[in-house]
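Data block below; observations after.
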Amino acid sequence: MPVNSRREQGKDAAVQGTNDSSVVSKVSAAAQGYFHDDFLKHFVCKVSRRAPLINRGYYVRWKAVDHCLKQFFHATQSCSRRQILSLGAGFDSLYFRLHAEGALGGVTVFEVDFPEVARRKAALINSNTCLKDMLPDRETVSNQQTNAVFIRSGHYNLIGVDVRKEQEVEVTLSGAGLQWDAPTLVLSEVVLTYMETQWSDAVIGWAAKLLPQSVFVMYEQIHPDDPFGRVMQNHFLKLNSTIHALKQYPDTVAQTQRFIQKGWEKCVCLDMNQFYFDLLLEDERQRVEGLEPFDEFEEWNQKCSHYFILTASKGSVTNQALLTLAKVSSIPHMTPQWTERPPLVIQPMCGSPSIEAVGMASAVLAPGIILLTGGCGRSGRDTAARVLIKEKDGWKCACVDAHGDKVVSLYQTLTSIPGGGAVLFGGRTSPLNPTDSVVCVTFDPGNEQSQSAVQLSFRNMVCTGTGPKPRWRHTSTLICYKDKTFLFVFGGRTEK
Ligand SMILES: C[S@@+](CC[C@H](N)C(=O)[O-])C[C@H]1O[C@@H](n2cnc3c(N)ncnc32)[C@H](O)[C@@H]1O
């Protein structure tokens, strides 16, 4: 596929748009205190607040890249000339924040992006006192139509060129002063995946060939074939910015092999759960986890399993900049050690309707009738409860209006009552809005011929005494004691 076809140009414009959305998300995470960056805000028109899950996603991405940068600085501290080559840099503020932190230590930064993006970035820098004051020796290149170097200065160079055009990149970078034999960190933060894999493979190959003392740092997506992976791919497809590499390189092992095959000597690739749980220090995790109300743990875990951070090195100096898991894993060994056959056999429900959501509650109302309430699926929350009814040829699902708010919440418990029915307790709409309501669910099974005519009724129960605090993610069990039946509620999370 030629790089310059009209169809490709349309796609390139959409890919350039991904920069605008990622910089807004980074600004949101910085504004909530996930990381410190005083410069990103100069690259957006308006500061927007993203959801906590998005903020955490951008935090872990930022933190992983920052970790690799600091490791590179440490490994190369005795070298007189060091460089960062950021491919598809977009509106990244890397140079400005590292310079302000005093962490740059004479490293020269080369940022490359499409000419359209580099032109916009150069205009933003040139019109902002705070940014341009940090580049006192800058030369602004006047004819940006014909010259690919848009800003040139002692330690910062902004270049507008398509990284798929290897020869153009090589000539322009040489002209801008990149020294190919100096220790160099090549950064690709969610960039190469937007080009067809033949191109991204070529970029990984030319970087290995041209930079004999370097470390390649890459952050992008993996695991295309599970439900989360499919939704993730569709999201980018709708934006006309398809993500490509994960089809051919679907996991961390495939990505590692890819880099070795393309000429890199060593490679370490971690998914973001490994990075977050095994590499970050406990104190840092606690700091981050206290920033915003948050309990979407399953989604967080899933999200982290769909992104990776990779370091690949060439040459002896940069070997030391590879990622290492020095810390002993804090995740306990979860594989059950069966002494005999497992006591539980999981069987798919024949003809079962597909219901996919997190935070649902379920209980058996009567033999062959299961009630499901609450939860949040891919299309959001559903106020209807669902009843699964076992019929001769499989399971049938019926939606039941349950008067909205009683079942709209997440992470409530539903406990079967002997003789039929169930008790619903707790749950939350948001982490700031848990409930302590106790709802009795009774049902009328309808006539024998048509169980699908099940009628449910939801009734708030009035409780005496001091009940448990509003909570979610707890457990509930019925306990009979001295002729009385108690709902025993244990654990979970409360607002505090
Ligand atoms: C998702 S943004 C990431 C920006 C930045 N790396 C960050 O993480 O904040 C992807 C960037 O890659 C750039 N890009 C994609 N393909 C490119 C190519 N072939 N040549 C140059 N830049 C490219 C886009 O223009 C865009 O700025």
Side-chain angles (χ1 to χ4, degrees), residues 1-5 8-30 35 37 39-44 50 54 57-66 68-69 84-98 109-122 124 148-150 158-170 172-173 185-204 206-207 216-221 232 235-236 239-245 272 307-309:
M1 171 83 62
V3 171
N4 287 326
S5 74
E8 285 301 291
Q9 283 171 8
K11 283 190 185 165
D12 290 351
V15 166
Q16 289 161 23
T18 61
N19 167 59
D20 298 74
S21 100
S22 67
V23 68
V24 170
S25 299
K26 282 189 182 174
V27 171
S28 163
F35 50 82
D37 189 321
F39 301 94
L40 271 171
K41 60 176 184 276
H42 299 303
F43 292 99
V44 296
R50 300 283 209 223
I54 309 274
Y58 275 87
Y59 159 74
V60 79
R61 164 174 167 177
W62 183 96
K63 187 76 186 170
V65 170
D66 188 63
C68 296
L69 290 166
I84 293 172
L85 170 57
S86 177
L87 306 175
F91 288 177
D92 197 359
S93 56
L94 176 149
Y95 168 80
F96 299 96
R97 74 170 175 88
L98 290 173
V109 176
F110 296 83
E111 289 191 334
V112 181
D113 208 300
F114 283 117
E116 295 79 354
V117 178
R119 189 171 296 125
R120 284 173 58 209
K121 187 169 190 174
L124 283 167
V149 184
F150 288 8
L158 176 60
I159 293 149
V161 70
D162 181 337
V163 300
R164 290 169 296 187
K165 299 179 178 171
E166 180 182 340
Q167 282 188 340
E168 226 175 283
V169 175
E170 191 179 343
T172 316
L173 284 172
L185 180 145
V186 185
L187 174 61
S188 167
E189 186 183 334
V190 203
V191 176
L192 296 191
T193 193
Y194 290 121
M195 51 194 84
E196 285 180 22
T197 310
Q198 67 182 86
W199 297 115
S200 52
D201 279 348
V203 172
I204 293 167
W206 69 242
F216 201 113
V217 176
M218 185 154 93
Y219 175 90
E220 60 187 51
Q221 303 87 347
M232 181 169 78
H235 166 77
F236 289 103
L239 299 174
N240 195 22
S241 50
T242 306
I243 45 174
H244 294 276
M272 299 318 286
Y307 285 88
F308 68 83
I309 181 79

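We're numbering straight along the sequence, starting at 1. Here the structure is a predicted model, which is why all the values come from computation and not from measurement. In each ligand, atom 1 is the first atom listed, and ligand 1 is the first ligand listed.
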Ligand 1 versus [X]: contacting region, heavy-atom distance under 4.0 Å:
X: V117; value: side chain
X: A89; value: backbone
X: Y194; value: side chain

Please determine if [X] has a nitrogen or oxygen closer than 3.5 Å to a nitrogen or oxygen of ligand 1.
X: E189; value: yes
X: D92; value: no
X: T18; value: no
X: G88; value: yes
X: K26; value: yes

Report yes or no: does a heavy atom of [X] sit under 4.0 Å from some atom of ligand 1?
X: V112; value: no
X: V161; value: yes
X: E116; value: no

Ion pair present between [X] and [Y], side-chain N to carboxylate O less than 4.0 angstrom?
X: R61; Y: D66; value: no
X: R164; Y: E196; value: no
X: D20; Y: R120; value: yes
X: E189; Y: K26; value: yes

[X] side, atom [atom1]; [Y] side, atom [atom2] - distance, nearest 0.5 Å:
X: L124; Y: H42; atom1: CG; atom2: NE2; answer: 11.0 Å
X: L98; Y: S93; atom1: CG; atom2: OG; answer: 8.5 Å
X: M218; Y: L87; atom1: CE; atom2: CG; answer: 11.0 Å
X: L158; Y: S86; atom1: CG; atom2: OG; answer: 10.0 Å

Just which atoms of ligand 1 are under 4.0 Å from any heavy atom in [X]?
X: G90; answer: 27 (O)
X: V15; answer: 15 (C), 16 (N), 24 (C)
X: N19; answer: 2 (S), 26 (C), 27 (O)
X: Q16; answer: 25 (O)
X: D162; answer: 18 (C), 19 (N), 20 (N)

Classify the ring geometry of W62 against F35: parallel below 30°, tilted from 30° to 60°, perpendicular beyond 60°.
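Answer is parallel, since the angle falls under 30°.
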Can the ring centroids of F308 and Y219 be said to lie less than 6.0 angstrom from one another?
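No, they do not, as the ring centres are separated by 6.0 Å or more.
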Quick one: nearest non-hydrogen protein atom to [atom], plus distance?
atom: atom 20 (N) of ligand 1; answer: V163 N, 3.0 Å
atom: atom 27 (O) of ligand 1; answer: D113 OD2, 2.7 Å
atom: atom 8 (O) of ligand 1; answer: R61 NH2, 2.7 Å

For atom 16 (N) of ligand 1, which candidate among F236, F114, W199 provides the closest heavy atom?
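That would be F114.
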Main-chain N/O of S21 paired to S25 side chain as donor or acceptor, under 3.5 Å:
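Yes; judged by distance alone, with no hydrogens or angles, the pair exists.
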Do the non-hydrogen side-chain atoms of S200 and T193 ever get within less than 4.5 Å of each other?
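Not in contact.
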